[in-house]
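Each remark here refers to the structure printed beneath this line.
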Amino acid sequence: MKSLAQIAAELQGYDPRALPAEAVNDFLARLVEPVQEVEHAGIFEALGRVLAEDVISPFSVPPHDNSAMDGYAFDGAQLKADAPLVLQVMGTALAGKAWQGEAGAGQCVKIMTGAIMPAGLDTVVPQEFVSVRAEPAEAITIPPGLLKPGDNRRFKGEDLMQGQAALSKGERLTPAGCGLAASLSLKTLPVKRRLKVAYFSTGDEILSLGEAPREGAVYDSNRYTVFGLLTRLGCEVIDMGVVRDDPALLEAAFTAAAAKADAIITSGGVSVGEADHTKAMMKKLGDVAFWRIAMRPGRPMAVGRIASGSRSCVLFGLPGNPVAVMVTFLAFVRPALLRMMGCTVAQPPLLKARSAEALRKKPGRTEYQRGIVSTAPDGSLQVRITGNQGSGVLSSMVQANGLIMLHHAQGDVARGDEVDVLMFEGAI
Ligand code: AMP
Ligand code: MG
């Protein structure tokens, strides 16, 4: 395991006092390691978990060629471009009950969706395309020009071939992934164990819910946003409440958290000029770097490791401002935690939208503005900001449905320019 100094030495131009946002993610990618332990989760519990191994199809899906429609199966070689085709109905193939027999020239088999294609037949005409005659023997007439040979037949293995990787190690299981696993008759899936993340808020001015209001004090909101963000990520959250600005209490909290968690997230107490003990305690107990990141909101952040016995726990010391907490979580902590979870996909894709207004932006830092993405009358995507972009204005995060990401080198944005947006849906 590399020390923070070793990681810093690997990064070109590393400057903890003016760190570009991209450098933060590079640093964290080197700092964190995926959990190793594997569990076998029942399919109902596997949603959102990270696959620990590839899932190989033990058989092909579908297991046979079958019909994609309710209709009549026949040999498509008989189709003529300019004449109707009349076929005698020899029997019925049902889903789950194959038709045993042989149908040849001038013959067809009534077939239901999902039923196995009878031997030698390769084409299905949907029932609504044919006229049926009952006497003297049941027969159908297919008008010309409607079908090509092979139409409406699904191939064996067109979903999954036997031996193929159906799901890959490092994928987070989606509803579709769980369904696909079930189509392979898998009741359990090998997943990484859940990541344990401890969280506490710091600051003497922070009130816990239920406490009486006090002049100059604010109720703790970070505890609840972080709880929500971690829960959505599928982490096991260890909620440690608010810790007062007292060295003994802080030491006890960090030590207890490091003993049981893979990662600790704190909020508050990492800004320059903080009069409190949080930074001092981080420094005392761990290998910790204190950064000033070239970003807005969320400039100060502490990152490092705290050892507990032979284990070590990753520390993310987030700023105190409620919006800065969410932004630094989404930009840096979330991708790092996903890596720790064993996940290979770290960030959701960015969306492009036209800015509905001019935005001021200083090159040389990354800015995250709270945006509301909507569909413009011409059908394109547009985004406007929520108004007050103060880093303490949590209501702006409630109004927003995404973060406009103005990159490090980017300058002012003119009205109508395209900007990148990190949508909350999928990230939160
Ligand atoms: P700090 O980073 O400790 O200087 O805090 C910056 C600002 O965020 C201050 O106005 C704090 O009162 C506020 N703050 C810190 N922690 C929390 C919290 N858990 N909930 C709400 N506001 C907070
Ligand atoms: Mg503080």
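All ligand and atom numbering here is 1-based and tracks the order in the structure.
A salt bridge links Asp239 with Arg223; the closest basic N to acidic carboxylate O contact falls under 4.0 Å. Salt-bridge formation is detected for the pair Glu10/Arg30: a Lys NZ or Arg NE/NH1/NH2 atom is positioned less than 4.0 Å from an Asp or Glu carboxylate oxygen. Classification of Arg339 and Glu33 as a salt-bridged pair fails, no side-chain N sitting under 4.0 Å from a carboxylate O. Ionic pairing of Asp122 and Arg153 is not present here: no N-O contact between side-chain nitrogen and carboxylate oxygen is shorter than 4.0 angstrom.
Heavy-atom proximity to Tyr219, at under 4.0 Å, picks out these atoms of ligand 1: 20 (N), 21 (C). Taking every non-hydrogen atom of Ser271 and a distance limit under 4.0 Å, the qualifying atoms of ligand 1 come out as 1 (P), 2 (O), 4 (O). Interface atoms of ligand 1 facing Gly268, defined by a heavy-atom separation under 4.0 Å, are 2 (O), 3 (O). With ligand atoms numbered from 1 in the order given, ligand 1 contributes 19 (N) to contacts under 4.0 Å with heavy atoms of Ser201.
Nearest to atom 3 (O) of ligand 1 by heavy atom, out of Gly216, Gly392, Gly269, is Gly269.
For the pair Ile238/Val197, no side-chain contact is recorded, criterion being any heavy-atom separation below 4.5 Å from C-beta on.
Of the heavy atoms in Pro300, none comes closer than 4.0 Å to ligand 1. Counting heavy atoms under 4.0 Å from ligand 1, residue Ser221 touches it through both backbone and side chain. The side chain of Ile206, and not its backbone, has at least one atom closer than 4.0 Å to an atom of ligand 1 (non-hydrogen atoms only; side chain from C-beta on).
Residue Gly320 has at least one nitrogen or oxygen atom sitting less than 3.5 Å from a nitrogen or oxygen atom of ligand 1, judged on distance alone. The shortest N/O to N/O separation between Glu205 and ligand 1 falls below 3.5 Å.
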Under 3.5 Å, which donor-acceptor pairs do the side chains of residues 300-310 form with other protein atoms, sequence neighbours left out?
{"unit_1": "Arg305", "atom_1": "NH1", "unit_2": "Lys2", "atom_2": "O", "d": "2.7"}
{"unit_1": "Arg305", "atom_1": "NH2", "unit_2": "Lys2", "atom_2": "O", "d": "3.0"}
{"unit_1": "Arg305", "atom_1": "NH2", "unit_2": "Leu31", "atom_2": "O", "d": "3.3"}

Under the criterion ring-ring contact (aromatic ring centres under 6.0 Å, His included), I'd like the reasoning laid out for Phe332 against Phe316: C-alpha separation, chi angles, the key distance, then a yes or no. CA-CA 9 Å; Phe332 312 128; Phe316 301 96; 9.7 Å; no

